[in-house]
Structures are given as C-alpha cells and as structure tokens.
Amino acid sequence: MTTTALPAPSRRMSPVAGLRNAFTLTWRSLLKLRTNSEDLLGLSLQPIMYLLLFTYVFGGALGGSTHKYLQFALPGVLVLSVVFATLGTGLMLNQDISSGVFDRFRSLPIARSAPLAGAVLGDVVRYAISVAITLGFGMILGYRIGASPLSAAAGCLLLLTFALAMCWFSALIGLLVKTPQGVQWFGFLAYFPLVFGSNILVQSRTMPGWLQAFVKVNPMTYLTEAERGLLNGGPLATPVTRSLLWALGIFLVFAPLAVRVYRRRA
Amino acid sequence: METENSIEAHGLVRRFGKTTALDGVDLVARPGRVLGLLGPNGAGKTTAVRILATLLRPDGGEARVCGYDVVREAHQVRQLIGLTGQYASVDEGLSGMNNLVMIGRLLGMPRPRAKARATELLERFDLADAAQRPAKTYSGGMRRRLDLAASLVGDPRVLYLDEPTTGLDPRSRSDVWAMIRGLVADGATVLLTTQYLEEADQLAHDIVVIDHGKVIATGTPGELKAKVGSRVLEVSPADSSRLAVVADLLTERAGVSPSTDTDSGMVAVPVADATLLPTIIRELDDRGIELAEFALRKASLDEVFLSLTGHAADEPNGHESGELEGSPR
C-alpha cells in the first residue's frame with residue numbers, strides 16, 4: 001500500500017495472516033511485561049508473600065510444623081498464585097480499551113480476534129513466571145519435590161493449561177467492566193471464594209457441611225489434589241482428569257462468551 | 001476510480017439510547033483535500049469519524065471510503081485509512097519505535113521493513129531521539145506526533161484526524177499543522193475534526209459545520225464567511241455609555257443584531273454591503289456620537305459559527321450527546 005501504486009485492497013483476511021497478527025500482539029504483551037518492572041515485581045512478590053505467610057504464620061498451627069505444612073501447602077499456593085495471575089489478562093484488555101489502543105487495532109486490517117488471542121498467549125509467560133517463582137522460592141524455604149521430575153513438569157504444564165482456560169473468564173470481566181479498578185474488584189470477589197473455599201490451605205474435614213459440599217465441587221480442589229499428586233506423589237487419575245475436564249469446561253463457556261462480547265464491542 | 005470522492009456519506013444516523021448523536025449527516029471529501037468537520041463538543045464529530053473508521057455501525061444512512069462501504073467492506077476500508085484521534089491511541093508501555101514496528105508488522109510488513117519505516121517516521125516527526133523511550137514518558141505534543149506517525153505507517157490514502165491539536169500548546173499545535181500540510185502535499189485526503197475555527201480556517205479546503213448531529217452549513221472557508229456577510233464593522237464610541245445607542249443604530253441599518261462587548265466598549269456587526277458605511281457614519285454624527293474607533297474587517301470563522309448556530313464554538317451546546325462523545329465506548 002503505497003501512494004504511488006494503488007493496488008486494490010484485499011477482500012478477506014487469510015488465516016495465516018491472522019495467526020501472524022496474533023503473534024505480533026503476543027510479542028507486544030511480552031515487551032510490555034519486560035518493560036513494566038512494577039508488574040513484574042508484583043507478579044514475583046505475590047507468591048513469595050503467600051509462601052512466607054502460609055508457612056511461617058499459619059504453618060505451625062495448621063500443619064504441626066512449618067516444614068510439614070509447607071510440604072502440604074506448596075502445590076496449593078502454586079494454584080492460588082497462577083489463578084490470581086490470570087486477573088492480569090482482564091486488566092490488560094480493560095486498559096487497552098480505555099486507553100484507546102484497541103480502537104487503533106480495530107481500525108487496522110487485522111484479524112478481529114488477534115488482540116484477544118495475543119493478550120492470552122502473552123500471558124502464558126506470566127503464568128510460567130509465577131509458577132517458577134513459587135516453586136523456586138518454596139524450595140529455598142525447604143520444600144522438596146517428592147515425585148519424579150517428569151511428574152513435576154507435568155504438574156507445571158497442568159497449571160498452565162488451567163490458567164489458559166481461567167484467563168478467558170478474566171478476559172470476560174475485563175471486557176464487561178468499565179474501569180481497571182472495577183476489574184480488580186470483580187476479579188477478586190469472584191476468585192476469593194473459589195480459591196479459599198477449597199482444600200488449598202487446609203483439608204476440608206473441619207469445615208461445616210455446606211462448605212464441604214462446595215469444596216467438593218470446586219475445581220480448585222481437584223486442581224490442588226492433582227498438583228499434590230504430581231509434585232508430592234499420591235493419587236492422580238481422578239484429580240487430573242477432573243482438573244482437565246474443568247479447564248475444558250471453563251474454556252468452552254468463557255472463551256466464546258468473551259469473544260462474543262469482544263466482537264460486539266469491536 | 002481516480003475521480004471518485006475519497007469519502008462519501010449520505011444520511012448518517014446514529015443513536016445512543018435516546019440521544020441522537022448523528023441525525024442524517026451528509027459528507028463529501030474530495031481526493032487530496034482537507035475536509036474540516038467543525039462543531040462544538042457533543043455535536044457528533046467523533047461519532048461521524050468512528051463510523052467512517054469502521055469502529056461504529058451507523059443506525060441509518062451509508063458511507064463509502066474510496067468506493068468501499070464502511071459496513072459491508074470494512075476490511076477493505078481499514079486497508080485504506082489511518083486514524084489519529086482522541087481515542088485511537090499509542091501503547092504507553094512500549095517505546096515509540098516498538099509502537100510503530102508493531103503496527104508495521106500488523107500490516108504485514110517483514111520485520112526489517114517495519115523497522116525501516118518506523119525509523120523513517122520517527123525522524124520525520126522529530127522523535128528519533130526519544131525512539132527507545134516508553135511512550136508514557138513523552139510530552140503531550142510528542143505523544144500526538146507519535147500517534148500521527150502511527151496512523152501513517154501503512155501510507156493511508158485517507159486520514160482521519162480527530163481533534164489532533166486539542167490540549168496542545170500553541171507551538172506543538174503549529175507543528176502538527178505543518179505536518180498535516182505536508183501530508184496533504186503528499187496526496188493524502190484528510191478528514192479533520194476540530195472545534196477550533198482557526199484550525200479549520202488554516203487547514204481545510206472544505207468545511208462542514210455540524211451541530212446537534214445535523215449539518216448546518218457547508219462550503220469553503222471563504223464561502224462560509226461570505227454567507228453571513230463577508231465583513232464585520234466594529235464601532236467604539238468615545239463615551240462607552242452610548243454603546244446601547246450605537247447598537248440600536250447598527251441593528252437598524254445592518255438588519256442583524258450586533259454583538260456588544262461592554263468590556264472593550266465595542267459593537268460589532270456583520271455587513272453584507274459596504275455602501276452602508278457612509279449612512280452609518282452620518283447617522284452616528286447626527287446623534288452626536290463621537291467615535292474612538294470605526295473599522296471594517298474580514299469576518300472570522302468564529303463569527304460565522306456564531307451566526308450559524310447561535311452559540312460560540314467553544315461553548316458546549318448542552319446537548320446530552322456531549323457526554324457520550326466523552327466516553328470511549
């Protein structure tokens with residue numbers, strides 16, 4: 001497209017070009033992560049705070065000794081950190097919309113879904129950072145992986161898969177809510193019962209019956225059990241299958257919804 | 001193909017809830033010319049630009065850009081346009097360079113070409129020194145220039161500039177003006193929205209004045225000025241207590257009510273016919289009014305606007321759509 005030669009504009013977007021658009025916007029997300037030191041700092045410090053809090057403040061009381069409790073809780077803290085990190089997806093989408101960056105994208109001849117896909121793909125790296133820091137810092141505090149390295153790697157992969165599904169829920173919030181502050185509040189309110197109404201921090205035995213019932217259907221419970229199995233060793237088949245089914249379910253419900261809301265706004 | 005209009009809109013209607021932001025707007029922008037879309041806050045300017053830039057669907061009417069329908073052939077239209085506006089914006093978290101490289105890549109340029117194009121534009125817009133700094137550290141004027149550069153990466157045939165100088169200091173404003181003139185000299189068609197009459201006067205070849213979502217006047221700046229009397233007579237009595245008498249006399253003679261500025265003690269009225277002047281002078285003299293000043297000058301677009309709409313251009317018109325235009329959604 002230059003002013004000298006004026007070729008007729010193309011009618012349709014080729015799928016390959018659409019994929020390239022998505023990768024360009026993934027590159028953008030990663031650049032932003034690299035240059036935004038505050039985001040990076042928050043992303044790293046959050047799991048460290050959780051680990052310190054749960055291990056040293058609650059650990060002795062809940063698990064008998066801090067070391068024993070860390071061994072029990074770390075897989076749960078991984079789940080918690082990654083799930084909270086998915087809020088970033090909605091936050092970034094929301095900021096892009098309110099700052100006008102999305103309008104620029106939408107005025108360009110690119111695939112309609114590329115900005116959404118780029119944001120989500122870029123976030124996988126954020127989740128990986130969150131997982132690495134939680135696991136690394138946990139090991140500094142004395143956590144030891146009980147299962148095989150391969151099994152632990154599968155644990156990390158399962159976390160990323162689950163986060164990749166959850167981030168569509170976050171994206172939906174980011175598209176529906178008006179301000180970035182709103183995204184944080186709504187996200188927090190939605191995630192809080194999910195994350196803490198589970199077996200992430202304690203076994204559900206001492207909870208009242210109604211709460212046990214909730215914990216039993218909460219996807220976080222299965223994911224946490226699966227992570228305990230994959231990292232510490234223990235039963236695998238049921239929790240891993242259920243976690244994957246939940247991830248698939250969340251993806252199938254929220255990804256199309258988010259895309260629909262996005263298209264309506266786009 | 002060559003002779004067709006770059007932008008053609010007929011009867012554009014857009015409602016937001018109960019508010020009608022656009023109420024049947026017609027627009028034509030000719031190739032290689034600047035069309036100024038002039039109106040106060042909330043007049044519907046931004047809504048019109050968003051429809052023409054494929055960001056918003058009209059509820060009624062149709063619009064074509066270089067012959068392509070903005071709704072049915074949006075993908076083609078997007079390949080032809082560039083948008084710089086209050087809303088289309090740069091990514092503050094990225095450097096100026098990366099912002100432009102990103103757009104080049106999105107437009108399908110290979111990385112080296114996207115880089116070369118970005119470098120070229122950064123130099124042209126005097127941003128080469130700040131190329132590697134995040135855009136959030138830029139001043140308002142620099143950000144606007146980067147925004148303008150971003151809309152030019154793909155060499156658009158039609159460029160929308162939505163209030164490109166709002167909020168800029170006079171120096172940055174004249175910088176942006178110079179750049180717009182350069183773009184037009186290179187053959188681009190520009191749709192410029194502005195609430196600054198001076199800006200439209202300076203840059204636009206044709207002007208469409210809209211208010212409350214309706215076109216209230218069209219023409220060249222010269223035609224618009226001629227429409228309401230090409231000249232303005234300004235009279236200051238030496239004794240400012242006689243201002244009212246002067247105003248009455250001018251109303252009678254010019255046939256329009258003049259504007260009175262009690263601070264400067266001056267009455268101004270548009271006059272279509274200069275032969276009135278001797279009569280006016282004689283009558284002032286008959287009533288024993290001594291004059292401090294009596295001058296005939298060309299009408300400014302401000303006066304044109306005032307006489308067309310009944311209110312000044314920089315006054316919000318109190319229409320509810322003003323709020324809608326202030327919101328990016």
Measure distances from [X] to the heavy atoms of chain B and classify the residue's part below 4.5 Å as side chain, backbone, both or neither.
X         : value
Ser10(A)  : both
Arg12(A)  : backbone
Phe105(A) : side chain

Results of ring pair (Phe, Tyr, Trp, His ring centres under 6.0 Å) for Phe188(A) - residues two or more places apart only: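 Listed in chain order: Phe192(A).
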Can the positive tip of Arg144(B) be found less than 6.0 Å from the middle of the six-membered ring of Trp177(B), inside 45° of the ring normal?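 No, cation not above the ring by the 6.0 Å, 45° rule.
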Above 12 or not: heavy atoms from other molecules or residues under 6.0 Å from CZ of Arg111(B)?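 Yes, CZ of Arg111(B) has more than 12 neighbouring heavy atoms, counting only those of other groups under 6.0 Å.
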Tell me, out of Arg105(B), Gln76(B), Lys136(B), who's got the most heavy-atom pairs with chain A below 4.5 Å.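 If we count pairs closer than 4.5 Å to chain A, Gln76(B) comes out on top.
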Measure up the Phe196(A) and Phe84(A) rings against each other and bin them: parallel (under 30°), tilted (30 to 60°), perpendicular (over 60°).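 Judged by the thresholds at 30° and 60°, the geometry between Phe196(A) and Phe84(A) is tilted.
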Could you check, using the six-membered ring where one of them is a Trp, whether Phe169(A) and Phe251(A) have ring centers closer than 6.0 angstrom?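 Judged by ring-centre distance (under 6.0 Å), Phe169(A) and Phe251(A) do not meet the cut-off.
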Contacting region of Ser151(B) [heavy-atom separation from chain A under 4.5 Å]: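 Both backbone and side chain of Ser151(B) come within 4.5 Å of chain A.
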